[in-house]
Amino acid sequence: MRIAVTGSIATDHLMTFPGRFADQLVADQLHTVSLSFLVDNLDVRRGGVAANIAFGMGQLGTRPILVGAAGFDFDEYRAWLERHGVDTDSVRISDTLHTARFVCTTDSDHNQIGSFYTGAMSEARLIELKTVADRVGGLDLVSIGADDPEAMLRHTEECRSRGIPFAADFSQQIARMDGEEIRILLEGATYLFSNEYEKGLIETKTGWTDEEILAKVGHRVTTLGARGVRIERAGEETIEVACPDEERKADPTGVGDAFRAGFLSGLAWGVPLERAAQVGCMLATLVIETVGTQEYQLRRGHFMERFTKAYGDDAATQVRAHLS
């Protein structure tokens, strides 16, 4: 099953200031702030929702096709993704712009000052999915994640016009979208991904009830944090999957992307929906135990040991054949 993963490709540049921002602010001069902070360290992490999802799928051996826009500084990131099983040949490279990046400084009180530079991400709207499909011999599913809004609309409309099944996954972009944009992006989706809060926001902004949305999409997949995930289908019994036990909680960033990577890999393997959700929850657990969205290691023996403990021998037998 050939799955294309569209969305943002970015890096996070995270710095730590040993003092307090508040101590540097002068109350009667806030209209003309000019400050520079000497930071202790710089941590550069790879990220972006599409790259995170593709990385996880590559770890599971499903060779996803990454579709997005990056800058002329993408070479090292590309090599990293290729080494971890990701097809990056459909990434558009800008001649003039850097890869999108988030730059953030955190003080000793955990206050943050950050900026997001979209950079090359704005060129994602120029990508045509037909070119991608022609290169790989057709697409069975396109995951449309948070990206340049024009790119998300173009990919959705192209999937509908060409009859390519797609998954709608607004995530961070839902806050800036109005109801009409959301209605366009979810209509006809085979899968609609969101967390519990985003689920309510989608209903509020579109004015559609849960039942009306279920009538417009094939499957509604809602992540529930520590409670796992719920999968709903019109006229079908709801599927609920719990999370495996965590060994530690290090960093929640990227957990949702990891779930999607596992779930989409399960679809690629052809296992039942419940099993795909279990793979997603297991991969998400590995990510929450690691600092960084792509810093975890998937050791197959360890993965299967924990998967078996969480979901039983029958589930493990179905997954092991594909994971090996």
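Predicted model only: the values in this text are computed from it and were never measured.
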Check: Can you list every side-chain hydrogen bond (donor to acceptor under 3.5 Å, both in side chains) pair that touches residues 48-62, not counting sequence neighbours?
Finding: Asn52-Asp257, Asn52-Thr293, Asn52-Gln294, Thr62-Ser265
Margin query: Can you tell whether the side chains of Asp107 and Arg20 come within less than 4.0 Å, N to carboxylate O?
Written below: no
Next item on the list: Determine which pairs satisfy salt bridge (charged side-chain N to carboxylate O under 4.0 Å, His left out) with at least one residue from residues 112-126, sequence neighbours left out, and list them in order.
Entry: Arg92-Glu123, Arg125-Asp148
Check: Does a donor on one side chain sit under 3.5 Å from an acceptor on the other, for Ser8 and Asp147?
Finding: no
Item checked: Residues forming a ring-ring contact (aromatic ring centres under 6.0 Å, His included) with Phe72, sequence neighbours excluded -> His98
Item checked: Summary of ring-ring contact (aromatic ring centres under 6.0 Å, His included) pairs that have at least one residue in residues 145-186, sequence neighbours excluded -> none
Notebook entry, point to check: So do Ile288 and Glu246 actually touch side chain to side chain, heavy atoms under 4.5 Å?
Noted result: yes
Checklist line | Qualifying residue, where the test is side chain to side chain contact (heavy atoms under 4.5 Å, CB included) with Ile144 and the options are Leu186, Thr156, Leu129, Leu153 | finding: Thr156
Check: Within a reach of under 6.0 Å around CD of Gln297, are more than 12 heavy atoms found that belong to other residues, nucleotides or ligands?
Finding: no
Checklist line | N-O pairing of Glu180 and Arg183 below 4.0 Å | finding: yes
Show which side-chain atoms of residues 12-19 pair as donor or acceptor with protein atoms under 3.5 Å away, not counting sequence neighbours.
{"residue": "His13", "atom": "NE2", "partner": "Thr11", "partner atom": "OG1", "Å": "3.2"}
{"residue": "Thr16", "atom": "OG1", "partner": "Asn41", "partner atom": "OD1", "Å": "3.2"}

Check: Is the distance between the ring centroids of Tyr296 and Phe55 less than 6.0 Å?
Finding: yes
Notebook entry, point to check: Arg135 and Ser90: side-chain donor and acceptor closer than 3.5 Å?
Noted result: yes
Next item on the list: Compute whether any side-chain donor of one residue and acceptor of the other, for Gln112 and Thr106, lie under 3.5 angstrom apart.
Entry: yes
Item checked: Close side-chain approach of Val5 and Val67, heavy atoms under 4.5 Å -> no
Margin query: Run the ring-ring contact (aromatic ring centres under 6.0 Å, His included) test against Trp269 and tell me which residues pass, sequence neighbours left out.
Written below: His322
Note to self: Looking at Glu82 and Arg63, is there a salt bridge between them, counting it only when a charged N and a carboxylate O are closer than 4.0 Å?
What the structure shows: yes
Item checked: Ile53 and Pro64, any side-chain heavy atoms less than 4.5 Å apart -> no
Notebook entry, point to check: So do Ile9 and Met121 actually touch side chain to side chain, heavy atoms under 4.5 Å?
Noted result: no
Note to self: Taking the basic N atoms (NZ, or NE/NH1/NH2) and the acidic carboxylate oxygens, is any pair closer than 4.0 Å for Glu203 and Arg220?
What the structure shows: yes
Note to self: I'd like to know if Lys205 pairs up with Asp178 as an ion pair, taking the criterion as any Lys NZ or Arg NE/NH1/NH2 lying under 4.0 Å from an Asp or Glu carboxylate oxygen.
What the structure shows: no
